[in-house]
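Quick note on labels: first sequence line is chain A, next is B, and so on, each numbered from 1. Reckoned from all heavy atoms, side chains included, excluding hydrogens, waters and symmetry mates.
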Amino acid sequence: MTRELDKTFDPAAIEAKWYSHWEQTGAFRPERPDAEAFTIVNPPPNVTGSLHIGHALDNTLQDIVIRYERLRGKDALWVVGTDHAGIATQMVVERQLEERQDKRTNYSRDDFVAKVWEWKEESGGTITRQLRRLGCSMDWSREQFTMDEHFTKAVLKVFVDLYNDGLIYRDKRLVNWDPKLKTAISDLEVETRDVNGHMWHFKYPLEGGQTYTYVERDEDGNVVLEEERDYISIATTRPETMLGDGAVAVHPDDARYAPIVGKLCEIPVGPKEHRRLIPIITDEYPDPDFGSGAVKITGAHDENDFGVAQRNGIPMYRLMDEVAAMRSDGAPYAEAARRAIEIARGDTLDAAEVDALNLVPDEYRGLDRYEARKKVVADIDAEGLMIMVEDKKIAQPFGDRGGVVIEPMLMDQWYVAAKELAKRPIAAVKSGEIEIVPATWEKTFFNWMENIQPWCVSRQLWWGHRIPAWYDADGKVYVAMTEEEAQAQAGDGVALTRDEDVLDTWFSSALWPFATLGWPDNTDLVQKHYPNSLLISGFDILFFWDARMMMAGYYNMDERPWEKLYLHGLVRAADGSKMSKSKGNVVDPLGLIDQYGADALRFFMAAMESQGRDIKMDEKRVEGYRNFATKLWNAARFCQSNGVGLSKHIAAPDARMAANQWIIGELAQTAETLEKAMAELRFDAAANTIYHFVWDRFCDWYLELIKPVLQGDPDTDAAKETRAVAGWALDQILVMLHPFMPFVTEELWNSRGHPHDLIVGEWVNPQASVNKAATDAIDWVIDLTTATRSARNELGISPSEKLAAFIEAPSGLAASVIERSSAAIERLARLSPITVGEAPAGAAMQVAAGSDTFIVPLEGVIDVGAERARLEKALVASQKEAKSLEGRLSNANFVERAKPEAVEKARADHAHHVAEVERLKAALERLG
RNA sequence: GGGCGUAUAGCUCAGUGGUAGAGCACUAUGUUGACAUCGUAGGGGUCCCAAGUUCGAACCUUGGUACGCCCA
């Protein structure tokens, strides 16, 4: 059944229809039990998310590959689902509560989590609906969620296994604490930004007013400063952390401070009578050339200080609470300070006792860290102990979700031994077992993986996978899949409490390539579709997700997660800046779909996706691809109205006519180029190949060439053959274009009356090759047509007027084409009649095709001067070329050392231009 | 401080050693029953700079310059 097509393609009219048809008929995952597997897992978008332009790129590329492989007969599985996105989702729901003057802590944990689930059921489907609008052919029948029951089981199993293997452990170290979200986050979730700040220089007085001679020398050892000091000068960007100092450190080689190493100095803040004393120690960390060369050591609030404190057994005093305000718990300051002085004088305490000690002076307690900073500075200044303050750019850590300054805090968290897990992924990429495309990313990958730090995976949230660890009254931990198992480990009657924390979202999404297939059960899907074939992701989640999938894949499955990792760039705004809500330059992909159709947006994404480069948004280009869809639409319409039917066979029909043989050869070549591009994941090359074949070859030349045949007697063999070839070629175009433009191709395919849908069709296989004679003939016609049009244009002769042409001594090619294809020449070049023989004398236009010259008498019509100018211009150009080639060919070095084919080509080009020069000279002579 | 990338027509970008390309924009033009979301013809480039390798460099090497990104 064929259906008549409208004059203009209206994407909106067909997209929804085809999508639901495909989904309802199960076309996204046809039953192909015996076929080779091809598997992609979709990077699960946040369940809170909505489709942004980056998703549009990422998913378009995946859909192109999966549709391509489906057409090629593979058992193509595209796994889809959403991520519970711990922090992001909890934030969304908490914000909703806030709008109603409500808050999370008004609820029990279970009730709050129930509320999140409720929200997820109601609003979680936004992005999945939007992916459908883009035409993405995922297997929705098995839609996954990282907190599905089976997925949760997988997460717990991995945690328990890692724990039993010693690869997950609890540790007290500095974590990145987000005081807004009140949770620890991983290093990757911290963004370091340079901000304007200050460097304060303070005097730390020596104990009991002791003095020493401070001597400063220049590079040559000359004394530039010598004075008696009763203090040591300390520079800091964070004065509020002074309250937690455990020592002052100087470099062991720093002669300036050698006299006072081992002595005590006073932290110049807090009530005078309880000033804390801390030792002056040596460590390699302080840089003698930076600041004063002396560094205060606050092990509990600075990464570098933490290292110094650990090496030197310096106590680390925690100063802040969960919102980064100065602590107000514990004993009064006087008592705490007394204990601290005992410690400084050699008393030892265990870590828990140190942690319990609140060394914030009473008047600072409860202050926000920045308020405390102001007060510390003011108090020291008032005491006359501030030396100076400089303006300085400070590299400051921010939480990528909460957007506030991260506070390093010393606390217990769960860590994954990432270094160990990184070993096999590193080896796999080195050996080529996993290929990263483009390969330039390998260096970045190695650099990160080889310097990987323990991964903090516990989060102080409610929404997520709760850590399967239980503690008894003594704090002993029992890790197990269930509370029953933990109880069994602990023994009957031991009271257990479960760890309050949940796991980092990326801990679970790392399992996506196999947990979505049913693992830990050994399902058929796991058997057949793990390892996956390919992963496509933005480079921005290379470490967050891709690298961790590798770790999880090798650890749990003992195999790579996928054969290939394709990394694409960012979609940027038209001016090249990053799109962001705050800048207001975000382009909504759905708006583009509304305006130009999903096919146009998809084609844009593909055509712009060259490896290793970001994509700049260019709406004109999207519009151009909308036009391309319309062009194809109209070509199909033309075929339809000329009785061109559908093809019965995938192989090219038999053809005797040059135009038909030619298009078959061109199509075979196109298919080959396209397949090569797809194999190399060169989406731009693939898109451009099919684009130019459709527009330049098929529409501009082939359809024009066959018009005379189609519009003549329909019952001739030539007409029948032409309809068969045209129908076949159009069908092959629809197949090749389908991965890129699924909607318009499916609509056209069905309008042509095919018995099955294109989405489950068969990939092209022309079983034909280029016919040299046909190519020569058609190239000759194209040559002649182009030359004639150009000459007419330059001479101001109407493009439509038919002109008589003469050719004196046609080449064999010319003679045969003139005989067989005069109708095409008449139609395209508008030369008719063509007479073999001498042209009448008089002014004429002369055009060339190959080595043949046509004389078109135009006595009294053309401006002879203009024609002469035209010919002379061409003559000069050919002479220049000929001369340049002659120079090259007369260079012995070139002839002897260049590749033979290069020499051959130069000779051929030279001969051509020499002939052209002769021809043009003759033409000019004829003109008189 | 370390690493990576980019620089080609007015704009957005292809081009992996043989002498420069596409789309858009621009100029001129409008003809045939698919298409004006179209057709035809045309103008437009020190391929960032410098040196080197080579018979030959947009492409390879080295050193700059500018812009961007990542890590510390």
Side-chain angles (χ1 to χ4, degrees), chain A residues 5 7-10 187-188 190-192 303-304 395 397 438 440-448 451 539-540 542-543 569-570 572 574-578 596-597 600 604 607-642 644 682 684-685 687-688 691-692 695-696 699-700 703-704 707-708 710-711 785-802 826-828 830 881 884-885 887-899 901-906 909:
Chain A
L5 298 167
K7 189 171 170 184
T8 305
F9 167 50
D10 176 15
D187 295 346
L188 281 177
V190 175
E191 229 176 87
T192 309
E303 187 66 45
N304 291 313
T440 44
W441 283 104
E442 285 180 6
K443 254 193 174 161
T444 309
F445 173 79
F446 289 135
N447 187 43
W448 188 71
N451 296 292
F539 66 75
D540 50 329
L542 173 59
F543 305 142
L570 249 51
R572 297 177 167 277
D575 63 358
S577 64
K578 238 181 186 167
Y596 303 107
F604 166 79
M608 299 304 287
E609 176 57 22
S610 56
Q611 292 175 3
R613 193 171 186 134
D614 287 345
I615 293 178
K616 260 185 231 181
M617 198 57 228
D618 182 355
E619 205 171 315
K620 295 292 288 178
R621 199 139 182 159
V622 182
E623 187 186 341
Y625 293 127
R626 188 270 320 258
N627 296 352
F628 174 59
T630 304
K631 184 79 182 174
L632 174 70
W633 181 268
N634 278 297
R637 222 159 58 87
F638 170 79
C639 288
Q640 187 177 66
S641 61
N642 281 281
V644 171
R682 283 305 304 252
D684 57 341
N688 286 326
Y691 177 95
H692 284 113
W695 203 312
D696 304 347
C699 292
D700 285 353
L703 292 184
E704 296 303 326
K707 273 178 183 174
L710 291 181
Q711 286 158 11
T785 304
T786 309
T788 309
R789 284 171 177 167
S790 178
R792 281 176 194 260
N793 202 292
E794 281 185 59
L795 298 176
I797 294 160
S798 157
S800 59
E801 193 182 337
K802 279 187 186 158
E826 178 178 341
R827 185 173 187 101
L828 294 173
R830 303 198 71 72
E881 273 302 309
S884 146
L885 287 160
R888 243 159 90 196
L889 287 164
S890 62
N891 178 349
N893 270 329
F894 174 70
V895 179
E896 282 162 25
R897 304 169 80 156
K899 281 181 295 190
E901 55 268 35
V903 177
E904 200 38 59
K905 183 168 183 302
D909 289 352

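- Atom CZ in A:Arg613 sits 14.0 Å away from atom CG in A:Leu570 (nearest 0.5 Å).
- Cation-pi check for A:Arg626 over A:Tyr596 is not met; the charged atom does not lie both under 6.0 angstrom from the ring centroid and within 45 degrees of its normal.
- Checking B:C70, B:A36, B:C4 against the side-chain heavy atoms of A:Phe543 singles out B:C70 as nearest.
- When distances are taken from the side chain of A:Arg830 to each of B:U31, B:A36, B:C70, the shortest belongs to B:U31.
- Straight-line distance between the P atoms of B:C24 and B:G39: roughly 9 Å, to the nearest whole Å.
- Taking atom C1' in both B:A25 and B:C13, the straight-line distance is 14 Å, to the nearest Å.
- Residue A:Arg827 is classed as a base contact, given a heavy-atom separation below 4.0 Å to a base.
- Nearest nucleotide to the side chain of A:Gln711, out of B:G18, B:A34, B:A41: B:A34.
- The residue among A:Ala395 and A:Asp909 whose nearest nucleotide of RNA chain B lies closer to the 5′ end is A:Asp909.
- The side chain of A:Lys616 contributes an N or O atom lying less than 4.0 Å from OP1 or OP2 of B:C13.
- In this structure, A:Asn793 contributes its side chain and A:Arg789 its backbone to no donor-acceptor pair below 3.5 Å.
- Regarding contacts with the backbone of B:C38, a side-chain N or O of A:Asn627 is found under 4.0 angstrom from either OP1 or OP2.
- Nucleotide B:G39 forms a Watson-Crick or G-U wobble pair with B:U29, both donor-acceptor distances falling under 3.5 Å.
- Using a 4.0 Å heavy-atom distance criterion, A:Glu704 is classed as a base contact.
- In this structure, the side chains of A:Arg830 and A:Ser800 come closer than 4.5 Å at one or more pairs of heavy atoms.
- Rounded to whole Å, the C1' atom of B:U46 lies 13 Å from the corresponding atom of B:A9.
- Nucleotide B:U16 has no partner under the Watson-Crick or G-U criteria, as no pair reaches both atom distances under 3.5 Å.
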side-chain contact (heavy atoms from CB on, under 4.5 Å) evaluation trace for A:Arg572 with A:Ile615:
CA-CA 6 Å; A:Arg572 297 177 167 277; A:Ile615 293 178; over 6 Å; no
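- Side chain of A:Arg613, nearest nucleotide from B:A34, B:C13, B:G15: B:C13.
- Looking at heavy-atom distances under 4.0 Å, A:Cys699 makes contact with a base.
- Between A:Arg682 and the phosphate of B:G15, there is a side-chain N or O to OP1/OP2 separation shorter than 4.0 Å.
- Side-chain nitrogen and oxygen atoms of A:Arg789 include none within less than 4.0 Å of the OP1 or OP2 phosphate oxygen of B:U31.
- Residue A:Arg888 has its side chain nearest to B:U19 when only B:U40, B:U19, B:G23 are considered.
- Between A:Ile615 atom CD1 and B:A14 atom C1' there is a gap of 13 Å when expressed in whole angstrom units.
- Of the candidate nucleotides B:A34, B:U12, B:A7, B:U12 has the atom lying nearest to any side-chain atom of A:Met608.
- Put simply, the side chain of A:Gln711 reaches to within 4.5 Å of the side chain of A:Arg827, judged on heavy atoms.
- Residue A:Thr192 is out of contact with every strand shown, counting any heavy-atom pair closer than 4.0 Å.
- If you check every strand for non-hydrogen atoms under 4.0 Å, A:Asn891 touches sugar and phosphate atoms only.
- Rounded to a whole Å, the NE2 atom of A:His692 is 10 Å from the C1' atom of B:A14.
- A donor-acceptor distance shorter than 3.5 angstrom exists from the side chain of A:Arg792 to the backbone of A:Ser798, with no hydrogens or angles considered.
- Residue contacts shown for A:Ser790 are limited to sugar-phosphate atoms, with no base heavy atom under 4.0 Å away.
- Set against B:C69, B:A34, B:G18, the side chain of A:Lys707 has B:A34 as its closest nucleotide.
- Going from the P atom of B:A20 to that of B:A28 covers 28 Å, rounded to whole Å.
- In this structure, B:G44 forms no base pair with any nucleotide, since neither Watson-Crick nor G-U wobble geometry is met with both distances under 3.5 Å.
- Looking at heavy-atom distances under 4.0 Å, A:Arg792 makes no contact with the nucleic acid at all.
- The nearest whole Å value for the distance from the NZ atom in A:Lys578 to the P atom in B:C67 is 18 Å.
- Look at B:G52: its Watson-Crick or wobble partner, with both distances under 3.5 angstrom, is B:C60.
- Backbone-only engagement by A:Lys443 is indicated by non-hydrogen atom pairs under 4.0 Å involving sugar-phosphate atoms exclusively.
- Which of B:U37, B:C35, B:C13 sits closest to the side chain of A:Thr8 comes down to B:U37.
- For A:Ser884 and B:U19, the shortest distance from a side-chain N or O to OP1 or OP2 is not below 4.0 Å.
- For the C1' atoms, the distance linking B:G63 with B:C69 amounts to 23 Å, nearest Å.
- In the set B:C13, B:C24, B:U40, the nucleotide with an atom closest to the side chain of A:Lys620 is B:C24.
- The side chain of A:Lys899 lies closest to B:G18, out of B:G18, B:G68, B:U12.
- Taking the C1' atom of each, B:U65 and B:C48 are spaced 8 Å apart, rounded to whole Å.
- For the pair A:Asn793 CG and B:U29 C1', the interatomic distance rounds to 7 Å; values are reported in whole Å.
- Pairing for B:C4 goes to B:G68, judged as Watson-Crick or G-U wobble with the two contacts each under 3.5 Å.
- Here the side chain of A:Asn634 pairs a donor or acceptor atom with the backbone of A:Thr630 at under 3.5 angstrom.
- Annotation: A:Phe628 is in aromatic contact with A:Tyr691 [ring centroid separation under 6.0 Å].
- Nucleotides B:U12 and B:C38 place their C1' atoms 23 Å apart, quoted to the nearest Å.
- Atom CH2 of A:Trp448 and atom C1' of B:C71 are 11 Å apart (whole Å).
- The residue A:Arg626 sits close to a base: some heavy atom pair falls under 4.0 Å.
- Between the CG atom of A:Leu889 and the C1' atom of B:G56 there is a distance of 13 Å, given to the nearest Å.
- OP1 and OP2 of B:C38 both lie 4.0 Å or more from every side-chain N or O belonging to A:Trp633.
- For the P atoms, the distance from B:U6 to B:A14 is 9 Å, rounded to whole Å.
- Contacts of A:Thr440 with the nucleic acid, taken as non-hydrogen atoms under 4.0 Å apart, involve only primed sugar atoms and P, OP1 or OP2.
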